[in-house]
Amino acid sequence: MISQFFILSSKGDPLIYKDFRGDSGGRDVAELFYRKLTGLPGDESPVVMHHEDRHFIHIRHSGLYLVATTSENISPFSLLELLSRLATLLGDYCGSLGEGTISRNVALVYELLDEVLDYGYVQTTSTEMLRNFIQTEAVVSKPFSLFDLSSVGLFGAETQQSKVAPSSAASRPVLSSRSDQSQKNEVFLDVVERLSVLIASNGSLLKVDVQGEIRLKSFLPSGSEMRIGLTEEFCVGKSELRGYGPGIRVDEVSFHSSVHLDEFESHRILHLQPPQGELTVMRYQLSDDLPSPLPFRLFPSVQWDRGSGRLQVYLKLRCDLPPKSQALNVRMHLPLPRGVLSLSQELSSPEQKAELGDGALRWDLPRVQGGSQLSGLFQMDVPGLPGPPSQGHSTSAPPLGLGPASLSFELPRHTCSGLQVRFLRLAFRPCSNANPHKWVRHLSHSDAYVIRI
Amino acid sequence: MPYLGSEDVVKELKKALCNPHIQADRLRYRNVIQRVIRMSKLDQWGQAEVLNFLLRYQPRSEEELFDILNLLDSFLKSSSPGVVMGATKLFLILAKQFPHVQTDVLVRVKGPLLAACSSESRELCFAALCHVRQILRSLPGHFSSHYKKFFCSYSEPHYIKLQKVEVLCELVNDENVQQVLEELRGYCTDVSADLAQAAIFAIGGIARTYTDQCVQILTELLGLRQEHITTVVVQTFRDLVWLCPQCTEAVCQALPGCEEIIQDGEGKQALIWLLGVHGERIPNAPYVFEDFVDNVKSETFPAVKMELLTALLRLFLSRPAECQDMLGRLLHYSIEEEKDMAVRDRGLFYYRLLLAGVEEVKRILCSPKSDPSLRLLEDQAEKPVNSWASDFNTLVPVYGKARWATICACQGTERRGPDLSNTASFATSGPLIPEENKERAQELPDSGALTLVPNHQLTAEYFEKTWLSLKVAHQQVVPWQGAVHPDTLQMALQVVNIQTIAVSKAGAQPWKAYLSAQEDTGCLFLTELLLEPESLEMQISVKQSEARPETLSSFISVLETVIGTIGDIKS
């Protein structure tokens with residue numbers, strides 16, 4: 001059980017403070033925590049810290065610090081889970097979690113904390129139960145409007161209103177007052193995958209890892225039944241085989257406890273009655289065996305003249321996605337050796353941008369079409385650079401400090417594992433006001449895509 | 001009482017845990033516990049609480065134990081990490097007598113732990129990594145096939161990378177050693193010096209088993225001629241030749257050239273030690289020493305100077321002609337000009353040793369050059385699961401054993417503070433305590449009516465006679481941790497004029513001491529201090545030759561203050 005809970009902004013200003021047990025210190029504990037956090041030596045972990053007789057445990061979420069203190073030796077996993085769940089809950093009630101939304105909704109946050117925790121013990125974090133007790137309304141910064149297309153974000157150039165919702169559509173408060181029936185009933189289903197790849201300097205693939213989640217954000221009244229149908233040939237584990245052909249495979253799957261799996265074995269259908277708010281329906285992971293080729297391959301060639309200190313790096317980036325897909329917001333980060341004096345560049349297309357900053361090269365490509373190849377030639381002067389013992393003048397062995405290239409990108413409408421949601425069906429309700437809107441999107445983004453030079 | 005889902009659940013638990021009638025009747029208690037376990041409507045917090053309560057339950061028979069484990073089996077597959085870890089801990093503790101069940105549980109929890117290690121939440125990742133390290137101490141091969149999950153990724157914070165490097169070092173086996181070493185070698189040239197050094201130490205750890213490959217990698221790293229890399233590599237070599245003498249030859253060939261690069265104290269010490277002990281195999285060792293000796297005046301680290309003295313003397317024994325002159329100059333400098341007394345003392349000692357003859361020097365300085373048996377001892381230090389099972393799923397693995405011990409020690413002294421001032425009301429509001437302390441401080445001078453006679457001597461026989469004839473006037477306990485240092489205690493008591501008649505040696509179990517003091521009116525105070533083995537308290541029994549309560553209480557407070565002060569100093 002926890003003694004105190006507080007939320008700090010990214011600069012350490014206390015936004016929320018609540019003391020549950022009254023047994024340790026006062027408000028100054030928040031300042032104490034921030035000082036300790038910023039003064040921590042480099043190799044100690046900030047996740048759990050100790051001061052006098054208190055343990056501080058915290059998570060960072062959307063730039064905020066959510067901190068709990070306790071004087072007992074309790075499970076770190078439970079505590080971290082509680083903090084994450086609180087973050088999600090606050091996001092559900094206030095629309096999104098951020099410094100602005102919290103400061104606007106202080107009363108709501110305190111009310112929530114009162115209901116969720118009693119004397120430091122968790123009472124309930126289920127949105128269902130809490131709904132009955134929370135009276136305060138959330139305050140949003142501006143009224144929500146589906147016509148607000150200025151932030152189209154990930155969905156590309158198609159702007160037909162019926163097909164596209166702006167990326168901020170899901171960020172209004174879920175649990176607004178019961179009288180507000182004019183709000184649209186909507187459901188947002190996201191299949192989000194994180195791709196982690198490590199490629200060695202000779203081009204061989206050292207590690208590939210996909211972590212996927214199916215997230216549901218429901219504005220429908222609680223208890224509405226829904227069925228989510230996944231690809232039928234989707235197999236779990238290395239030995240299962242379904243359908244014909246290679247199929248789609250994941251290594252491990254885990255479900256939220258409220259999902260009924262009776263139809264999962266036969267037809268790969270998930271049946272659930274979700275509460276309002278955010279929920280992670282399914283988590284899966286896949287390693288080492290991607291059905292599709294990797295989205296990006298990099299072919300670097302480095303020429304380094306030790307005598308004059310000129311370093312020339314030619315990078316060819318090839319996108320192996322199918323021709324109709326594209327990658328957005330591609331950014332490559334390449335650490336450079338110390339003492340780089342100047343950079344000259346030749347890029348293969350005008351909308352790219354490359355600049356030097358913080359000892360590294362940043363190459364921005366806003367949009368890369370599947371199957372295309374982009375290249376950039378970078379020349380720099382690096383006098384006095386140490387490196388591997390040279391067997392000649394200009395060697396092709398890279399100098400020290402020319403670090404691994406890391407790519408970050410987003411792949412809309414693409415899942416690396418191949419898993420797709422076939423349908424999302426809601427139970428038939430004859431008295432509903434309007435047909436609920438269903439939004440399904442698939443998205444992959446890079447977690448740590450590293451290519452060694 | 002935590003809210004666990006519904007009223008009847010709470011009722012059942014209350015019945016089981018609070019009602020002494022039920023607790024007294026084993027059968028009813030068991031029935032209630034069984035009902036608690038079968039409750040299905042708990043949410044994840046309720047489940048975690050129930051698993052926590054069940055830790056205290058002792059199943060009566062093997063059948064009941066396996067019954068419980070079967071019922072709770074589904075918790076191991078829960079989507080909430082808190083519940084999974086809580087269930088794992090419960091299984092590990094309940095199945096204390098069945099190591100194969102424990103191993104089985106640890107196999108089943110591998111999946112969730114690995115998923116947590118790759119989680120988006122960094123904090124969860126860190127907690128999971130600490131637990132993985134805990135498990136690896138008992139089952140080193142457990143995660144070997146999943147070594148790829150522990151490769152560091154570019155964007156991770158530093159503390160996670162350090163944990164992953166440690167894990168990689170511990171899960172090495174024949175199949176993955178090649179890839180793991182490749183990966184660690186990549187980290188050694190990382191931009192961050194800390195990560196590079198941690199990776200090099202990790203390679204040093206792996207080198208105890210896979211010596212040849214690691215020594216080769218370390219030698220290649222020396223070729224880069226980078227300061228932060230070279231110093232750590234030389235330190236690793238120093239540790240390695242002690243445990244694995246077979247690599248000494250390779251190390252000696254790699255050393256020449258390092259002296260130009262190393263700047264920091266630790267690295268220099270390691271290099272000098274290696275040159276001293278294995279100097280006869282390194283051709284240019286005397287020239288390196290020549291450099292050091294010439295610059296000894298500007299050397300800032302006294303530890304380096306001490307190491308230099310020892311190493312040069314060792315080398316002198318094997319290569320006298322080349323080292324004689326240098327040794328002379330070094331000794332002259334240390335004895336005549338050096339300001340650090342430790343260095344000077346060592347120089348003086350070596351000089352006198354030399355005067356005693358070369359045979360003496362050889363006898364003292366020629367120690368074994370390596371101790372391979374130490375490596376075997378360390379390797380066999382695999383801990384059984386039961387030694388850490390009770391720490392699983394608590395904050396202990398997250399802090400690490402060493403830090404947790406210091407935290408406990410700090411908490412011990414703080415709790416002793418309020419005890420000494422005898423405040424009954426603890427900490428709800430801060431301001432109360434300082435005032436009470438002030439009152440207490442004022443009391444002591446007022447009751448300073450007690451003056452103890454200094455230099456009062458009592459023979460042991462007289463003490464024994466008087467002790468046996470008197471009854472105990474006062475008994476109390478004070479909190480105490482660890483062993484007592486009799487000398488410190490004796491000296492402190494001497495300051496307040498309390499004589500120590502007899503005291504057990506430090507570490508004796510049980511530990512006892514007998515003290516006596518005499519007031520200027522002639523009243524004698526005889527005291528026995530008793531520390532039981534594995535106890536957190538010291539018992540004090542005081543006997544007074546004349547019944548005087550007010551002087552008795554003053555004596556007690558003086559004694560308490562002294563004992564409390566010693567306890568504070570020690571920790």
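FYI, side chains are in, hydrogens and waters are out, and symmetry mates aren't considered; it's all heavy atoms of this structure. Proteins get letters first, then strands, A, B, ... in listed order; numbering begins at 1 in each.
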Novice: Which pair of heavy atoms, one from B:Gly82 and one from A:Phe77, lies closest together, and at what distance?
Specialist: CA-CB, 3.9 Å
Novice: Which atoms of A:Phe255 come close to chain B, meaning under 4.5 Å heavy atom to heavy atom: side chain ones, backbone ones, both, or neither?
Specialist: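 It is the backbone, since no side chain atom gets that close.
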Novice: If you count heavy-atom pairs under 4.5 Å between each of A:Arg85, A:Arg194, A:Arg283 and chain B, which one has the most?
Specialist: A:Arg194
Novice: Only pairs of heavy atoms separated by less than 4.5 Å count here; which of A:Arg452, A:His58, A:Glu81 has the most with chain B?
Specialist: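 The option with the most such pairs is A:Glu81.
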Novice: At a heavy-atom separation under 4.5 Å, does B:Asn393 approach chain A through its side chain, its backbone, both, or neither?
Specialist: both
Novice: Do B:Glu123 and A:Pro76 come close enough that some side-chain heavy atom pair is under 4.5 Å?
Specialist: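 They are not in side-chain contact.
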Novice: Can you tell which part of A:Val48 gets under 4.5 Å to a heavy atom of chain B, answering side chain, backbone, both or neither?
Specialist: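 Contact with chain B is through both the backbone and side chain of A:Val48.
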Novice: Considering only heavy atoms, which portion of A:Leu80 lies under 4.5 Å from any heavy atom of chain B: side chain, backbone, both, or neither?
Specialist: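 For A:Leu80, the contact with chain B is made by the side chain alone.
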Novice: Please classify the contact between B:Ala198 and chain A as side chain, backbone, both or neither, with a heavy-atom cut-off of under 4.5 Å.
Specialist: neither
Novice: Heavy-atom distances under 4.5 Å only: say whether A:Asp209 touches chain B with side chain, backbone, both or neither.
Specialist: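 Answer is side chain: those atoms of A:Asp209 sit under 4.5 Å from chain B.
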Novice: Is it the side chain or the backbone of A:Met1 that comes within 4.5 Å of chain B heavy atoms, both, or neither?
Specialist: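 Contact with chain B involves no heavy atom of A:Met1 at all.
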Novice: Where on B:Ala127 is there a heavy atom nearer than 4.5 Å to chain A: the side chain, the backbone, both, or neither?
Specialist: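 Both backbone and side chain of B:Ala127 come within 4.5 Å of chain A.
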Novice: Under a 4.5 Å cutoff for heavy-atom pairs, which residue among B:Cys130, B:Ala115, B:Ala128 has the most contacts with chain A?
Specialist: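 Among the listed options, the one with the most contacts to chain A is B:Ala128.
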Novice: Only pairs of heavy atoms separated by less than 4.5 Å count here; which of B:Ser153, B:Ser80, B:Ser78 has the most with chain A?
Specialist: B:Ser80
Novice: Do the non-hydrogen side-chain atoms of B:Val396 and A:Asn73 ever get within less than 4.5 Å of each other?
Specialist: yes
Novice: Output the option from A:Thr125, A:Val450, A:Thr280 having the highest count of non-hydrogen pairs under 4.5 Å with chain B.
Specialist: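 Ranked by heavy-atom pairs under 4.5 Å with chain B, first place is A:Thr125.
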Novice: Within the structure provided, determine whether B:Arg122 and A:Arg60 are in side-chain contact (heavy-atom separation under 4.5 Å).
Specialist: no
Novice: By a 4.5 Å heavy-atom criterion (distance strictly below it), what part of B:Ser155 contacts chain A: side chain, backbone, both, or neither?
Specialist: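 For B:Ser155, the side chain is the part near chain A, not the backbone.
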Novice: Distance check, rounded to the nearest 0.5 Å: A:Gln123 atom CD versus B:Trp45 atom CH2?
Specialist: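 A:Gln123 CD to B:Trp45 CH2: 12.5 Å, rounded to 0.5 Å.
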Novice: Is chain A contacted by the side chain of B:Phe151, its backbone, both, or neither, given a heavy-atom distance below 4.5 Å?
Specialist: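 Its backbone and side chain both get close to chain A.
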Novice: What option among B:Arg403, B:Gln179, B:Glu220 has the most heavy-atom pairs under 4.5 Å with chain A?
Specialist: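 Among B:Arg403, B:Gln179, B:Glu220, the one with the most close pairs to chain A is B:Arg403.
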Novice: Using modelled atom types and a 3.5 Å cut-off, is there a donor and acceptor pairing between side-chain atoms of B:Tyr159 and backbone atoms of A:Val47?
Specialist: no
Novice: What residue, out of A:Gln285, A:Lys207, A:Glu213, has the most heavy-atom pairs lying under 4.5 Å from chain B?
Specialist: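 Of A:Gln285, A:Lys207, A:Glu213, A:Lys207 has the most heavy-atom pairs under 4.5 Å with chain B.
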Novice: Checking heavy atoms, do the side chain of A:Ser45, its backbone, both or neither come under 4.5 Å from chain B?
Specialist: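 Contact with chain B is through both the backbone and side chain of A:Ser45.
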Novice: Does a side-chain heavy-atom distance below 4.5 Å link A:Leu198 with B:Lys148?
Specialist: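 In short, these two side chains do not touch, never coming nearer than 4.5 Å.
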Novice: Please tell me if the side chains of B:Trp404 and A:His50 come closer than 4.5 Å, counting only heavy atoms from C-beta onward.
Specialist: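 The answer is no, as the side chains (C-beta and beyond) never meet within the 4.5 Å cut-off.
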Novice: Could you give the distance from OG (B:Ser118) to CD (A:Gln211), rounded to the nearest 0.5 Å?
Specialist: 4.5 Å
Novice: Apply side chain to side chain contact (heavy atoms under 4.5 Å, CB included) to the pair A:Ser287 and B:Lys149, showing each step before the final yes or no.
Specialist: CA-CA 9 Å; A:Ser287 317; B:Lys149 301 246 176 191; 3.5 Å; yes
Novice: When only pairs under 4.5 Å are counted, which of B:Lys77, B:Met85, B:Lys89 shares the most heavy-atom pairs with chain A?
Specialist: B:Met85
Novice: Does any heavy atom of chain B fall under 4.5 Å from the side chain of A:Leu82, the backbone, both, or neither of them?
Specialist: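 Both backbone and side chain of A:Leu82 come within 4.5 Å of chain B.
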Novice: Please identify each residue that fulfils salt bridge (charged side-chain N to carboxylate O under 4.0 Å, His left out) with B:Lys161, with sequence neighbours left out.
Specialist: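 Result, salt bridge (charged side-chain N to carboxylate O under 4.0 Å, His left out) vs B:Lys161: none returned.
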Novice: Using non-hydrogen atoms only, which part of B:Leu395 is less than 4.5 Å away from chain A: side chain, backbone, both, or neither?
Specialist: both
Novice: Examine whether an atom of A:Asp251 lies under 4.5 Å from a heavy atom of chain B, and if so say whether it belongs to the side chain, the backbone or both; otherwise answer neither.
Specialist: neither
Novice: Go through the atoms of A:His61 and report whether side chain, backbone, both or neither lie under 4.5 Å from a heavy atom of chain B.
Specialist: neither
